[in-house]
Colleague: 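Okay, here's the structure, questions in a sec.
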Amino acid sequence: MNKRSEPADDMDVVDLLIHQHNEIRELFTEVKRSKGEARAEAFGRLRRLLAVHETAEEEIVHPNARRMAEDGDLIIDRRLAEENLSKRMLSELEHMGADSPEFPKRLQDLRQAVLDHAENEEREEFPAIREHASEQQLRVMATAVKAAEALAPTHPHPGVESTGANLLIGPYAAMMDRTRDAVRKVMKRS
């Protein structure tokens with residue numbers, strides 16, 4: 001189940017993020033059902049999609065929702081707290097490794113946290129964006145999210161060659177940093 005379904009070119013940012021939420025659900029299922037190297041590989045793809053998705057939301061979606069939603073500050077502060085919890089859980093899983101006996105239980109905990117977070121976004125944040133953003137704004141945001149996904153690396157920062165430094169940064173954090181840089185470049189061009 002290595003093949004991701006490609007989002008339609010005409011998706012706006014809300015449709016695209018919901019599409020990614022569905023992909024994330026599918027990847028959690030794949031990781032859970034896999035064993036050995038297949039589990040580690042599926043977990044790597046899940047980790048990468050989560051890094052790209054959350055970074056794009058932090059850089060593109062949340063700032064817009066903060067301005068557009070009634071109680072936007074409260075809503076986004078809650079989403080950011082949820083994301084931070086998920087990041088900590090994901091980091092623990094990265095360090096633990098997919099072959100750890102504790103991995104399935106911790107993966108289930110992460111899955112629940114991520115799915116609760118996605119549900120909250122879809123219920124509280126996305127409707128405000130869809131209501132207040134113009135079609136052009138929705139499409140520009142989608143383009144930035146797609147660009148971030150296309151440009152995000154699958155490995156840690158270049159220039160951080162030592163094993164110790166890579167362990168300190170962590171693959172998830174490195175992917176988030178690179179995705180954030182890519183998003184900012186695309187948004188400056190728009």
Side-chain angles (χ1 to χ4, degrees), residues 12-29 31-32 43-96 98 100 102-133 137-138 141-142 144-146 148-149 152 156-157 167-184 186-187:
D12 68 24
V13 71
V14 173
D15 293 335
L16 179 59
L17 294 173
I18 291 171
H19 176 83
Q20 288 181 349
H21 285 172
N22 290 332
E23 286 184 294
I24 289 165
R25 285 181 188 93
E26 290 171 11
L27 277 169
F28 269 114
T29 300
V31 174
K32 179 181 176 181
F43 179 65
R45 286 186 285 118
L46 173 64
R47 182 181 63 212
R48 181 181 188 277
L49 180 55
L50 287 171
V52 171
H53 178 81
E54 292 306 328
T55 303
E57 284 182 340
E58 289 171 12
E59 292 294 314
I60 300 162
V61 181
H62 295 334
N64 283 290
R66 191 178 288 280
R67 288 189 314 271
M68 295 175 182
E70 186 173 325
D71 295 327
D73 286 334
L74 179 64
I75 290 169
I76 299 309
D77 289 346
R78 287 180 180 162
R79 296 304 72 82
L80 292 172
E82 294 165 357
E83 289 171 8
N84 286 332
L85 172 62
S86 293
K87 287 175 193 176
R88 284 193 302 273
M89 295 169 82
L90 186 60
S91 179
E92 289 172 10
L93 280 167
E94 284 180 326
H95 286 74
M96 176 184 301
S100 169
E102 283 189 51
F103 185 87
K105 167 68 173 111
R106 296 280 187 94
L107 179 72
Q108 179 57 34
D109 293 343
L110 174 64
R111 179 185 181 278
Q112 192 59 55
V114 168
L115 296 184
D116 288 347
H117 170 71
E119 182 180 308
N120 290 335
E121 287 177 333
E122 291 176 17
R123 188 183 66 248
E124 297 177 3
E125 186 175 359
F126 295 174
I129 291 171
R130 188 165 314 278
E131 179 181 342
H132 296 289
Q137 289 170 315
L138 292 169
M141 286 188 273
V145 170
K146 288 177 192 174
E149 185 175 30
H157 287 295
L167 288 174
L168 287 174
I169 290 176
Y172 181 77
M175 282 187 279
M176 288 192 68
D177 290 345
R178 294 289 299 269
T179 302
R180 186 172 286 115
D181 293 344
V183 166
R184 288 178 179 160
V186 169
M187 293 304 287

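The first residue in the sequence is number 1, and the count goes up from there. None of the values given here were measured: they were computed from a predicted structure. Side chains are part of it too, since the values below use all heavy atoms of this structure and drop only hydrogens, waters and symmetry mates.
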Colleague: Is the F103 ring parallel, tilted or perpendicular to the F43 ring (thresholds 30°, 60°)?
Modeller: perpendicular

Colleague: As an exercise, state the distance from CG of L107 to CE of M96, rounded to the nearest 0.5 Å.
Modeller: 10.0 Å

Colleague: Taking all heavy atoms of E122 and all of P127, pick out the closest pair and write down the distance.
Modeller: O-CD, 3.3 Å

Colleague: Compare every heavy atom of A51 with every heavy atom of T55, then report the nearest pair and how far apart it is.
Modeller: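 In this case the closest contact between T55 and A51 is OG1-O, 2.7 Å.
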
Colleague: Can you name the residues that form a ring pair (Phe, Tyr, Trp, His ring centres under 6.0 Å) with H62, not counting sequence neighbours?
Modeller: none

Colleague: Apply the test side-chain contact (heavy atoms from CB on, under 4.5 Å) to residues H117 and E83: give CA-CA distance (whole Å), side-chain angles for both, the deciding distance (0.1 Å), then the verdict.
Modeller: CA-CA 7 Å; H117 170 71; E83 289 171 8; 3.3 Å; yes

Colleague: Apply the test salt bridge (Lys or Arg N to Asp or Glu O under 4.0 Å) to residues E125 and R79: give CA-CA distance (whole Å), side-chain angles for both, the deciding distance (0.1 Å), then the verdict.
Modeller: CA-CA 9 Å; E125 186 175 359; R79 296 304 72 82; 5.5 Å; no

Colleague: Are D77 and R66 close enough that some pair of their side-chain heavy atoms sits under 4.5 Å apart?
Modeller: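 Contact flag for D77/R66 side chains = yes.
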
Colleague: Classify the side-chain pair E26/N22 by whether it contains a donor and acceptor separated by less than 3.5 Å.
Modeller: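 No, N22 and E26 have no side-chain donor paired with an acceptor closer than 3.5 Å.
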
Colleague: What are the two closest heavy atoms between R25 and A118, and how far apart are they?
Modeller: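 Answer, listing the atom of R25 first, then A118: NH2-CB, 4.4 Å.
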
Colleague: How far apart are the closest heavy atoms of A113 and M89, and which atoms are they?
Modeller: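 Answer, listing the atom of A113 first, then M89: CB-SD, 3.9 Å.
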
Colleague: Working to the nearest 0.5 Å, report the span between CG of L93 and NZ of K105.
Modeller: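 The NZ atom of K105 is 11.0 Å from CG of L93, to the nearest 0.5 Å.
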
Colleague: Rounded to the nearest 0.5 Å, what's the gap from CZ on R111 to OG1 on T29? Could you check?
Modeller: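 Separation between the atoms: 5.5 Å.
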
Colleague: Side chains of N120 and E82, heavy atoms from C-beta outward: is any pair under 4.5 Å?
Modeller: yes

Colleague: I want to check something: taking the side chain as every heavy atom from C-beta on, are V145 and M141 in contact at a cut-off of under 4.5 Å?
Modeller: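 They are not in contact (no side-chain heavy atoms under 4.5 Å apart), so the answer is no.
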
Colleague: As an exercise, state the distance from CG of L110 to CG of L85, rounded to the nearest 0.5 Å.
Modeller: 8.5 Å

Colleague: Check ring pair (Phe, Tyr, Trp, His ring centres under 6.0 Å) between F28 and all other residues, then give those that pass, not counting sequence neighbours.
Modeller: none

Colleague: Answer yes or no: is there a side-chain heavy-atom contact under 4.5 Å between F126 and V13?
Modeller: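 No. Closest side-chain heavy atoms not under 4.5 Å.
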
Colleague: Among I129, N64, L16, exactly one meets side-chain contact (heavy atoms from CB on, under 4.5 Å) together with L138. Which residue is that?
Modeller: I129

Colleague: Measuring only between side-chain heavy atoms, which start at C-beta, is R45 closer than 4.5 Å to L27?
Modeller: yes

Colleague: Hey, are E54 and K87 close enough for a salt bridge, meaning a charged N less than 4.0 Å from a carboxylate O?
Modeller: no

Colleague: Can you find a pair of side-chain heavy atoms, one from E92 and one from E102, that are under 4.5 Å apart?
Modeller: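 A side-chain contact under 4.5 Å is absent here.
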
Colleague: Taking side chain to side chain contact (heavy atoms under 4.5 Å, CB included) as the test, write out the residues that go with D15, two or more places apart.
Modeller: M11, D12, R130

Colleague: Determine whether E23 and Q20 make a side-chain contact, defined as any pair of heavy atoms from C-beta on separated by less than 4.5 Å.
Modeller: yes

Colleague: Would you name the heavy atoms of P104 and S100 that are closest together and state the gap between them?
Modeller: CD-O, 3.7 Å

Colleague: Stepwise, does the salt bridge (Lys or Arg N to Asp or Glu O under 4.0 Å) test hold for E94 with R47?
Modeller: CA-CA 9 Å; E94 284 180 326; R47 182 181 63 212; 3.5 Å; yes

Colleague: Ignoring hydrogens, what is the shortest heavy-atom contact between E57 and H21? Give both atom names and the distance.
Modeller: OE2-NE2, 3.7 Å

